[in-house]
Every structure is written in C-alpha cells, then in structure tokens.
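Inspection log for the structure reproduced underneath, given as structure tokens.
This structure is a prediction, so every number in the text was calculated from the model and none was measured.
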Amino acid sequence: MDSALIQKGVKRCSLPNFILGLSPVILLLLWGVYAMFLCWFKGLNQTNMNDYYGFALWIWADLAVIALGGGAFFTGFLKYITGQDEIKNIINYAVVIGFICYSSALLILAIDVGQPLRSWFIFWHANVHSMLTEVAFCLSLYFSVLAIEFLPLVLENRKINDIPFFHNLAHNMHKSMAVFAATGVFLSCFHQGSLGGVSGVLYGRPFGFREGLLIWPWTFFLYTWSAAAYGPCFTILLTKTLEKITKKKLVKDNVIELLAKISGWMIFTYIIAKTIDTIYWAKVTLPKLGFDWMFFYSNNDFYGLWILIFEILFGGFLPAFILMSAKRRKNKNLLLVAIILAVLGISVNRWVMVLQTMAAPVLSFDSWVLYIPSWQEVATTLLPVAYGIILIALAYRYLPVFPQEKELNSIKEEA
Amino acid sequence: MKINRRNFLSLGVGAAAGLAFSPIGIKLMDDSSIWTQNWSWTPVPADGEISYKDSVCSFCDSKCGISVRTIAGRPVKIKGREDYPANDGKICPLGLSGLQLLYSPSRVRTPLKKVGKRDSNKWQEITMDEAIEILSEKLKDIREKGNSKDVAAISGSSGIRYALLDRFFKVYGSRNLLKKPSVQDSYKHLVSSMHSVRGNLKFDFENSDFILSFGTGLFDGFDNPVRMFKVNSNKKVSKATFVQVEPYLSNTAAISDEWLPINPGTEAVLALGIANIIIIESLYDKDFVSKYGKNFNDFKSFLFKNYNVDKVSDITGIETKKIESLARGFARASKPIAVFGRGVGDTALSLNEAIACYSLNLLKGNVDKKGGVSFLKDYNYINWSTINLDDIAKKGLLEGERVDEAKTNNVITDSILNRMPDAINSSRKDAPELLIVENANPVYTMSNTKEVLKSFEKISFIVSFSSFMDETASLADLIIPDDIYLEKREDCLFENGVNNFGVGLSSPIVKPLFKTENFSDVLIKIAKKLPSAVSNAFQWENYSDCLEDTFDEKWSDLEESGFIKEKNSYRYVIKRNDFAFPKSFFDFMTNFKSASIDGGEEEYPLTLIPADTIRLSSTFMANTPFVTKIVSDKILKGNYSLIQINSETAKKYSLKNGKVVSLTTPFAKDIKVMVNISEAVVPNTIVLYKGLGHKGYDDYIKDKGVNYNELISYLEDKDTGLDIAYGIRAKIV
Amino acid sequence: MKGGHNNKKNKKFGMVINLDKCTGCGSCMVACMSENNVPFKKDETNKLDSITWMRVYKITNKKKFPDTEFCFLPRPCMHCGGHGDHGHSPCVSVCPATATDYDHETGIVSQIYTRCFGCRYCMAACPYHARYFNWWDPIWPEGMEKTLSPNVSPRMRGVVEKCSFCYHRYQLAKEKAYLEEREVEEGEYQTACTEACPSGAITFGDLNNPEHKVYKLKKSPNAFRLLEKLQTNPKVYYISSKKWVRDAGDNYILNDKK
C-alpha cells in the first residue's frame, strides 16, 4: 500500500501489520493525550503535586529524557568534531532519538506549567539569573538545531527525495551539517549544564545545593558530562531494542562497540567526579549548613542509602567497568546489562536531584513528605514514550535511518 | 493553474512560511496570555472609597468592638475596634472572619415553612408577614386553650433581647424559658454555697502573680479570649507564673510555664492535696481563715485525714515532689489565683469539685482583692415598667411545670436544659406544644444527641429563629430567620476582667441582605397580635423604640460612641469574706470518685475527654470557612476527626498514626475516627476536639468530623442539678 | 526636597515575632486571608495544598510524655535578602520570568501574578514553604466575592502566590504621606497580621531605622532567624526565652555547638 514511500532494498512489514503492531502504543498515546487535556482544562489539581512538590514526576521526566537524548549531541561531537567517522552509521538514529527526547521535554514542560499560554514570558521577561531561563533559551534553540539535523533525513524519504528541490536541499544541508552539529554541541553543553544548575543553585535546599565555580554549581558540569556519557548508552539501548523488534541487525558491532567504549570511559570519569562531588557535598558543604549527610538517607520510608549506592555503584562504576573492557563489552549480554544499568543510573540521578530534594525537610520542625504521582501524571509522562515509539517506527519504516541496514540484510528482489 | 501535487506542496510550504513570518502568531500569543490574565471566572473586586464603620461582634458572649472596613459600601474586612473597652483593638480569629457569615451559603434567606416530614428538609418559602401570622395564630390558639404553660423556648441571648423574651413568657403565661447552663452557673452556686451571697465569681488575672489553672482553657477561648491573650502577654512581662493542670497539652498548657499532666477528672483531688501541704507547712493566711472561716478546722482535719500527698499522687498521677513544689510556689506568691472549670467553660463543674479548687484562694485569703477573686452582681441596665398578668398568665406561671424539672425554689440556676430530653422521653413531663429556639442550636450543643432528637419528635411545633440552616433549624417546622449582627442594631453587654464592663451597641454595616428580620422586632410584632394581656406589656412601637426607651438619657451617648462603660464598676462587687464549707462537700470528697466521668471501667478501658481550641467554635454558631481552614490536620483530616492518644497507649492497642478506628462509648457505637499518636496526652486517655461533626450548615463545615456531644450523655450534679458531663469511658476497636 | 536623610537610605521592612507571647490562636492567619483575598476550599485539611501566606507551625521539643513542650511559630514570607543581603533571595534568583522581584527600596519580595506562568521553581527554591501554588480556580460561595478587597488582586489558577508584607498597605500609606508631604510613619504601615495579633506578639517596621521598635527587638539576645546557616538572610526575627525553640530555628549536627 505504502510501498512507494519505503526505500528500495529494505524489507518492511505490511501496512496493516505495522498499524496493528503500533495499536497498543496508539492507545497509550490517546490515554496520554486525554490526560494532557485534563491538565490543561482543569488545571494542575489533576496531579498529585502540591506545595511541597512543586517539581515532581514531570520535571524528573524532563531531566531524564534530556540526559538520555544527550546521545544526539555527543555523537554529533564525535563525528563532526573529533572525526570518528564510524559514528555516521548510528548518528541518524541518535538524532531521531534526540529529536524525540527534546520535543517530549518541551511538551511535558508545556503541560507542567500552570499557565502554558503565558510560557513565552520566559523569553519576554527573561531573568538572566535564572537557570531555567538559560535552559529555556538553549533548549528551544537546540531543539531547532535538532529539527534541522533531522530534516535532511526526512527529505531523504524516497518520495520526497524525488523532488529535485528537496533532494538538493538535503544534499546541501548534509554538507553543512558539521556547523549545526557544532552549534548543537555548544548549546547542549549549556542547557545540560543549566539543567544541572536547576537544583544545584537552590541554596535553600541543602540536598540539591552544590558549591561550584563562579556562578556555576558543580552539578552544572556534572550534568553536561553525564549527558554526554550516558546519552550514547540510551542510543545503543534503543538500537538493540529496535533490532530485537525488527529481528534485523541494523548497526555493525564495531560501531556499537566504539560508542560503548567511549561511553564507558566517559561514565568512568564522570562517576569519579560525581563521587568526589558527593563526598565534598557530604563532608564540606552540608556541615556548613548544619546537616549531617546521613540525615538525607534516613528517617523516611523511601530514600535510604540504597539509592545512593545504586546510582553510583550500579548505575556508574559497574557499567563503566563493563564497557571499558573490550572483552566485556563484546559479550552481548554483559553489554546489555551495562547499558540498562547506565540508563537506570542516570535516571536515578535525575530523580534524586529533583524528587529527593523536594522530599527532604529543611526546617528542623518540618518532616519528610513523600509523593506518588496521579494517573494523569503517569499518563502524560508515558505520552512522550508512546509518541517516541511511533516516531521511531515511522522513521524506521520510511526513512534511511540506518545506512548499514541494506548491507547487513541483503534481500532478494521482491517478485 | 492546474493544481498538481508539486505546486500544491509549494503552496503549502509557502503559506506556512508566510504565516510563520506574519504577526498573526505573535498577536495570538499575546491575546491568549492577556486572556489568561483576565479570566472571567476569577473575580475582580470593584474599587471605591474606603471607610470604617464601628460595631460590635456577636459571634460569642464577649461582644468585642469591631471596626469594619467598607469599600464603596461593601464590607471587606473586620478588625478589632481600637478604643473599645471589651477588647481594645484586637479580636479573635472567628470575629475576624465574621464577614463570611454575611454571605454564608447556609444562611436562611427567607422565612420557611416545612412541607412534609420533620427530617425531610423540604421547605416552602413564605413571606415574613405570613411567618409572623402563623406563629402568632399558634400562640393565640394555645393560650386560648389554656395551655400557655406548654409553650417553651430555648434561648442563648442576653440583654434586651432576652429581657423581651422573658417578659413575653411572663405575660403569656409560661415558665419554660430555658437556657443552657455554663461554668458561670457553677461559679454562682459556689459563691452561694460557700459565702451565702448571690453573685458571680470573677478572677482578676491581670493583677495576679501566680495563676494555677485546673484545666481551664484560659487561652483556648475562655472568658473574653482577647482579654485572656493580653493577660498572657502581660504576664510574660510581669513575670507572673502560670501553671496548667490538664490531662493533655492544650494550647493553654503549651504556653504556660509548667504543664502538669493529670489523670482526667481528678483535679479536685490535686487541689485538696495542695491545700493540705499548704496547711501542714503553715503557708496559708491564718488571719484570713481564722477571721472569716466558719468551719475551717473541719476542713483542716478533713484534709489531714484524707488527703496526704501520697494518696493524692496516686489518684492524680502526679509525682509527690511536683505536688509539693507546686503547693509551695502557689503559697509563696503574693496574689495567687486558683481557677477552675474545664475547657472554655461551656459546661458546668460539680459544686464539690469547684469548692475543692476554690479553697486554695481562701487559704491565701486572696478574696475581694486586686489580683484575687471577687463576687459580682449581675450587671443590669434594663428597668422597664412592671407588667400586669391576666388570669391565664397567672395560671400558667403558677401551675405550669418546668419541662426541664428545674427546682422552683432554686433561682441561682433557673434552667437545667439538659434534663429536658430525658424528662420528655420518659414521660415524666409532657412535651411542649410549641418550642421556640433562638440564638441556640440545642440539637448540636446538647449532650446525647439521640435522646435530644427523640424528645424533639414529641414536640408538636418547633420554630427556629436561626440565621443559618443549623441542625435545629433544619428540624424546625417554621424558620423565621434573624438578621445577623452585621445587619442590625442590638445592645451588647460586655465584661472584660473585674473592673471593665458596660454595654455596647452593634449597628448595621449593611442592610439585611435577605428577607430576614431582627428577632426582637418579630417578637414585638407577634406580641402585638396577641390579646391585650400580652400586647399591653409591649408598649414600644418596635425594637428601636424599645432600645431608646431602655437607655433613656444614656441613649444619645450610646448611639454616638457605640458603648457605655460603667464608671463606678465596684458598685457591682459584693463584699463578703465569710465562708463555710458545706457538709455535703466533706461527704463527697471523702470517697472521691470523679463526678464528671461516665461509664464503667470494665467494658471501657479508656477515658474519652473533650478538648477546646479557639480555632473551632463549639457554640451554637459553627465555624466560618477561614477558621475551619486553619484547623490543624491533627484535629481534622478529610472528614475524620482525629483522636489524640498517648504513644504508649497506642502501642498497647496497636494503633497506627492515620489509621481509622471505631470509637465506642456507652452512648454511641462504632464512631469512625482517625488516630493521632501524641506525646501530649496522659496514658489511657483519648482526647477529641469539640466543634466538629456538624450535620447542618454548609459544605465548608457539614459532615466534617464527630460531634463530641453525640458520644456523651447528661450527668447531673447532685447538689446543683447542672449537667457536669465531661469525660466518658470508651473503647477503641 | 521633603523628608530628611532617611529618605535616601533604603528601608528594610521586617518583623520580630515574640514566640513567648504567641498563643497559636490563628488570628494572624485569618486576618491575612481576609486582607489578601486568599481563597478557601471545602476541604482544607490537606495542608500541602492549602494557601496560608501566614502559617502558624506548632513545633515540639521532640521529648516524650510528660516532658513534651509545644511552641507556636507563625511563618510569613521571610522576604530573604539572600547571600550578603544583595537581594538574590532563593526564589527571586530562580524565577525565569522575573515574576517575583526584590525591591531594594523596601526589601520586600514581590510577586506579579499576571506575569507568573506557574513553573513553581520558586517554590522548589524556598526552604520555608512560604510559597503557594493555585492548584485550583479560586471559588467564592455566591455573594461572598463581594467581601474581596480591591487593593489586592485575586489570583487566577496556575500561579504562585505568597505573603507580600501587605505591600498594598505601604502603597496606600505612601500615597497619603506624599500628599501631606511627609514620610510614612511607623504606625501607618503595619501588616494585617501585626495589626490583628491579639497578643501583640508581632512587631513590624523598618529594620534599618533605629527609631523603629523592630530595630531594638531584633538585637535581643533571644532573637534568632530561621535557617540562618543557609544565608538566606530572612527579615523575620523570632524571640523566644526557651533554648530548644531557638535551637529549632536552624539545623545542627549532633556534636555542633548550639
């Protein structure tokens, strides 16, 4: 039915099968859209957020998807700036994922604010001291960059590419992609960093607060570094997932391994920095503010030392340990374990920096407040997931996302 | 031009680009944000000229002066009136939120006649004239039949309003004008039985240097709350000592210098223990007691025999050392006051328990002194012409029996309202044919709600004058809604401490918003519709006329300044120091068993006691939304009342914080309450706050929590007949 | 030129609250709500979603029965001056849309409801929980909207609000003083809670002005502020004669000297 849109030399399932396969995801999407409209029309009373949890599941989701979408800028950095040419075989996918992550983040933010119709005030009445202003500017600019990076891929669709204008546009854009990639890297460093700054600058919230360099708290640098380190893991994870679903090999092992190796070393350096940061925070920053660091891991029903241990050991040192060694990362199962742990690790990091910061009491006579999201929050958080799956499915079906696919999956001409 | 796919695409892209660069997007963005800034459903208050109007708050009996800020005539804010003697510029949270009464959703907006059953809540709207007609016809009929004695009223009023009602009942021919007793009645009994004079007991906290409170909620709403707050503030400066003896750490206990947790109901034992120590250590005012005490030696030997400190410690649960140091602290102060009456004083105290606590004041001779206790006559400013009773009235007054069985010869307390339900239900007394309820909400405020409701079923016709759809009003057959205090002129008696009293005038801040009318006016109108024997006693045109007539030459003063402060206030102080302990006191205190806690110990292992907070009105007026908003979530959570229970006791019964449990007392089964484990309660005791559990009013207070009165029953003081129910045995499942 | 040298010096409005006098009656809370058109819901028992610009905390010495003690601690917005009192309050510095601002002339932290777009970053930043979000549309029972004051605009759903030290009262007082060509006097500008407190526990004034009562009171040896170690520089001082209460104002590590 839609064979004219599918590129030559690859095999795709029939359109009805495609739609049938996606139908649960579409249902999930509709559920999310319903919840989204509830939040917009009835207001944020639809959530379980409250005056103690002004930031909750959504802000975590935002921080997490942006960290995970960091694969886009970092692969761009690797390919266009450090000249790792092999990366070209996965960069398209990384861009698609990045695009999804960033558009999701923007969507979630649009639901999260109490007055979405006024959200452009962040640009109009910008407060230069606010990390969120920095985030907003860099985020929206970088999203444009991602859109520009994504565009040539769209234009390469068989049918669109037939039109000479679009063919030429795509060609020319490809040539100047290095410039966009560099811009993207620059912007990413800032907005990833400023997202780190979001909790790092909260000097009224000792759990999130970090000292730092000039105006930037240490989390500023840690976030950029961790996004670069962990983002590629997410790209690999989604590649592996897609390969599993399509039952095809889409990217050669050497590409994955290269990315895994770089990611491993990056995680290793990051987690050392993070450990030092944690120790400095626990032993130098907190005592000045009157807190014992164990205070933040006790006297409540959820946040214990386990979460710190998980984040640093299991979400940091362990994946780094696996990915850094060629022998270990060549082991398919170990690789999978490593990237899953890494993705969890970075998500937990973003979680504690938002949610645990809110949960811990600061006034000596206040108490811990825990929070469970409402179904509306869960649905709207799953909405981007569903949207992402659909976009990946569409991109995979109609666009030449994986340059190595044809080579790896030679097929006989269809009858 | 032929539209093919290609130029269609180009057109589309072109159009999109064109729109993107046009100002439409920006304009829409701007417009939509302006829209969000002016949502039509978010009100915009109209501006106007600011002015202030003085009046008097009638939320409770303190009658504080208020100053209402109006903007273009709309009242927007209430604050305390600066120069008003009762409250001197300040006012309590309920008073501050008074404007919410004005527009309360539960206001009765027009006279209503019940159609269908009592509890159907089906009403027909009628005019004020019709309502007055209905009631006066009923009254006329009953009187003509010679049953005037069967008309009863429950009133919570004072001043001219009460005097008019009292006058009406006299000329109409009924003795059944009932009031709910309070701790003031206990005080009057005490003064009468100890000193053989008739007067009320007043405490000069302002000038005392040691206040020992036996569970009195001095800073939880007792007396005039503003006065008491000032006492506290000044005490912090004057360094007076303040000790609170109470089974739980109330707000009063929290701001005291020392909280002595005591087993519920044993305050009198502690008092006698202290008295004994003071006597043994010879720290009392020997001159005073030997000069004035008629049987002081009996008291002395009685204490020696029965109240040694170990026994007292045993019963009260307070360490002997603490009792001794408290006794010495009290005795060494120069102007110590012992104050008693539990909570904010809306329930009475047994006479003998009161005497036990009061004896400490006598021991120190701190009577009729600055910084001590004094006896005051009721302040009366109403002197109307005498009335002539016709035969029907005489017959009614002479032969008619009190439906509450109040003793005819006992005029200290002329009402024992709480005895009424039982008297009716057990057919000892006939139910009234007609019951008038004004400034009262007996269905809510009386103990043992079930019995009250049962007795009300037997009353043929109930008329409520409530401004709000409260529990009693919703049961009534006829509601003739009264104006609220912000809509009317009314005389307001105030008292603030010993020396500071007089009468104020509330004046309308706004015209009545709804089809309501001042009760006093309605009463005069009704009287005028009755036979001349009744109507002749109401010589006034209307209530305004009556007001002016009552104050006579003082009227212009009152109208101008809004209050008259009695200058020669000690005119009302009775000089009387002679005292004698009644014999019944010794009998009662020999084998002490708390008179105010009901129920057996076997089946019910715990003691349930009430608590008061100024953030919950437990009177006939329910809380306003603002004040309910500030009630702690440890007192009310969702629709659950929380019970306060000691952590050890909670452990014993495996109770967890926030758990919903069933509370059972001899009078109420399986009441669902939530647990709040607290270090602020003595063991084996449950504390439940009063003022919740309304079944009437509006969604801002209705069905929230449990009404303490439903869990207890009437407990009669043998000496005075007053209802002294305080705690009750209870169990938790 | 009217006015003296005080005119040039910036004011720094603040409060001193005497906790020894506070009875926890809640008059300050009600006066505040009534003054500032604070809405109310049918159920306000979830205190995590209950707008109380002024909130009275009941704090305990954390001791077991019978040694338990309570103290009431009214908490308005602290109007923090931030590190070094430069005006970078925790909340002001994070607001992306400049919807909350530090007024250097008065030291008051303002909130512009029509500019706030509800990101709630300021709430995350405030350690005192002084900021409240309008999770719901404010709804008054029919007719009760007539009791709203035009001096404070009612807030729409989806924005953050907080105590303003009754700034509108300052504006009114200033206008009056301007017309009469003089300075605003101490008694002329008082917050609604100060005015209402029946115990006289709250004192309000210019912390920079030696003639104002707060100037002396804040120097009491029993005075403290909440979370001083965080260097938020609050403008609300508390006085308590009880050591455990003063200690509750900040956090201390076990072996710390208090």
Q. Hey, does C:H88 have a side-chain heavy atom less than 4.5 Å from the side chain of A:H129?
A. yes
Q: Sort out for me which of A:Q46, A:M131, A:M358 touches chain C most, counting heavy-atom pairs under 4.5 Å.
A: A:M358
Q) C:W135 and A:T47: which non-hydrogen atoms are nearest, and at how many Å? A) CZ3-OG1, 4.1 Å
Q | A:F121 and C:I112, any side-chain heavy atoms less than 4.5 Å apart | A | no
Q | Interface moiety of A:P206 toward chain C, non-hydrogen atoms closer than 4.5 Å | A | side chain
Q.
Does any part of the side chain of A:L289, heavy atoms only, come nearer than 4.5 Å to the side chain of C:N251, both counted from C-beta?
A. no
Q | Residue selection (most heavy-atom pairs with chain C, distance under 4.5 Å) from A:D292, A:D366, A:V198, A:L117 | A | A:V198
Q. With a 4.5 angstrom heavy-atom cut-off, which part of A:V369 approaches chain C: side chain, backbone, both or neither?
A. side chain
Q.
I need the residue from C:R131, C:M156, C:K47, C:E228 with the largest number of non-hydrogen atom pairs under 4.5 Å to chain A.
A. C:M156
Q. What residue in A:V362, A:D51, A:V113 has the most heavy-atom pairs under 4.5 Å with chain C?
A. A:D51
Q: Taking the side chain as every heavy atom from C-beta outward, state whether A:S364 and C:D250 have any pair of such atoms under 4.5 Å apart.
A: no
Q) Given that the side chain runs from C-beta out, which part of A:L202 has a heavy atom under 4.5 Å from chain C: side chain, backbone, both or neither? A) side chain
Q: Count the heavy atoms belonging to other residues, nucleotides or ligands that lie under 6.0 Å from CH2 of A:W124, then report whether that count exceeds 12.
A: no
Q. Should the heavy atoms of other residues, nucleotides or ligands under 6.0 Å from CZ of A:F295 be counted, would the total exceed 12?
A. yes
**Q.** Part of A:T357 within contact of chain C (heavy atom distance under 4.5 Å)
**A.** neither
Q: Search all heavy atoms of C:F133 against all heavy atoms of A:G114 and return the closest pair with its distance.
A: CZ-CA, 3.7 Å
Q.
Less than 4.0 angstrom from a charged side-chain N to a carboxylate O is my criterion; do C:R120 and A:D112 meet it?
A. yes
Q: Could you tell me which of C:C95, C:C122, C:A99, C:A125 has the largest number of non-hydrogen atom pairs under 4.5 Å with chain A?
A: C:C95
Q: Give the minimum heavy-atom separation between A:Y203 and C:L230, together with the two atoms involved.
A: CD1-O, 3.4 Å
Q.
Show the nearest heavy-atom pair for residues A:R205 and C:H129, with the distance to one decimal.
A. NH2-CE1, 3.7 Å
